[in-house]
2 protein chains.
Amino acid sequence: MPEVLSVLVKTPLSTIMDALGDPIRLKIVRMLLEKGEIACGGFDLDLPKSTRSHHFKVLRDAGIILKHEEGTSIYNYIDRESLEERCPGLLEMLTQAEPPY
Amino acid sequence: MPEVLSVLVKTPLSTIMDALGDPIRLKIVRMLLEKGEIACGGFDLDLPKSTRSHHFKVLRDAGIILKHEEGTSIYNYIDRESLEERCPGLLEMLTQAEPPY
DNA sequence: TGCATTGTTCGGGAAACTTCGAACAATGTT
DNA sequence: AACATTGTTCGAAGTTTCCCGAACAATGCA
């Protein structure tokens, strides 16, 4: 393992940016910003559920979304409070960014 | 080539986020934000110049930085104007984000 | 004309990411 | 109990990224 890598490791912020660097995950986040809560399957993404689940996990591990089981359904939603504390202005930036996203 | 990928391709915004998803590039951007212009070699990054050049290219291709040759030196600086237009609030967010970055 | 400096490009090998089907829980429904 | 639904996990394959040394411009200086 090269010594250089020990100098710069993944940080919370770079992890967040990395998670948002994928077009699919970025679309998921934007859908959540628009519609509030969405069940994992409630996306019009033509992807197998294993792929979807993977992307949701990346977003969860980055601290961007949380999930919330209510009865029979599992909803995903954006952890606005935590995000606003760690990256003030990020969510507002995402909603204001120019298309195409 | 899977059909699915034709639905969601890289977008300008996801490209920007992806570029900032690397700890090294994020550090470069933060240094530029603090110090204004910096020559490619003027970073205290313990990396060979080929690696450094690679990261600068990624940042340039994402439209985050520009370079500016002045006499013998080549300076890099952040394209604030263009960034502010495409991602309003991004630079402010980066400066306000909580450490560790 | 050499020589140093600075940055890019190329080629490879290693590591990480993305994607998918299949198998596996967990829950609700009939 | 049998089945459907929803989401996770696993393993494998393909792609991409990252990193580095080496070779290659381009410029300035001795």
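Chain naming here is simple, since letters A, B, ... match the order of the sequence lines and numbering starts at 1 in each.
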Q: Quickly work out the A:D46 CG to C:dG21 P distance and round it to whole Å.
A: 11 Å
Q: Kindly say if A:H55 contacts the phosphate of C:dC17, meaning a side-chain N or O under 4.0 Å from OP1 or OP2.
A: no
Q: Give the rounded distance in Å between these two atoms: NZ of A:K10 and P of C:dA15.
A: 16 Å
Q.
Check this for me, if you would: do B:K10 and B:D18 make a salt bridge, where the nitrogen-to-carboxylate-oxygen distance has to be below 4.0 angstrom?
A. yes
Pairwise N/O distances under 3.5 Å, protein to nucleotides 6-13 of chain D:
from, atom 1, to, atom 2, distance (Å)
D:dG7, OP1, A:C40, N, 3.1
D:dG7, OP2, A:G41, N, 3.1
D:dG7, N7, A:K49, NZ, 3.2
D:dG7, O6, A:K49, NZ, 2.6
D:dT8, OP1, A:R60, NH1, 3.3
D:dT8, OP1, A:R60, NH2, 3.1
D:dT8, OP1, A:K67, NZ, 3.1
D:dT8, OP2, A:S53, OG, 2.5
D:dT8, O5', A:S53, OG, 3.3

Q. With a cut-off of 6.0 Å (strictly less than), are more than 12 heavy atoms of other residues, nucleotides or ligands near CD of A:E92?
A. no
Q. Taking CG from A:L45 and P from C:dC20, how many angstroms apart are they, rounded to a whole number?
A. 11 Å
Q) About how many Å separate CD1 of A:I65 and CZ of A:F56, when rounded to the nearest 0.5 Å? A) 5.5 Å
**Q.** Under 3.5 Å donor-acceptor, A:E98 side chain and B:C87 backbone
**A.** no
Q. Do A:R52 side-chain atoms and A:D46 backbone N/O form a donor-acceptor pair below 3.5 Å?
A. no
Q. Taking atom OH of A:Y77 and atom NE2 of A:H68, what is their separation to the nearest 0.5 Å?
A. 7.0 Å
(Q) Just the rounded figure in Å: distance from C1' of C:dA15 to CG of A:D18. (A) 14 Å
Q: Send over the distance from B:L47 CG to D:dT17 C1', rounded to a whole Å.
A: 15 Å
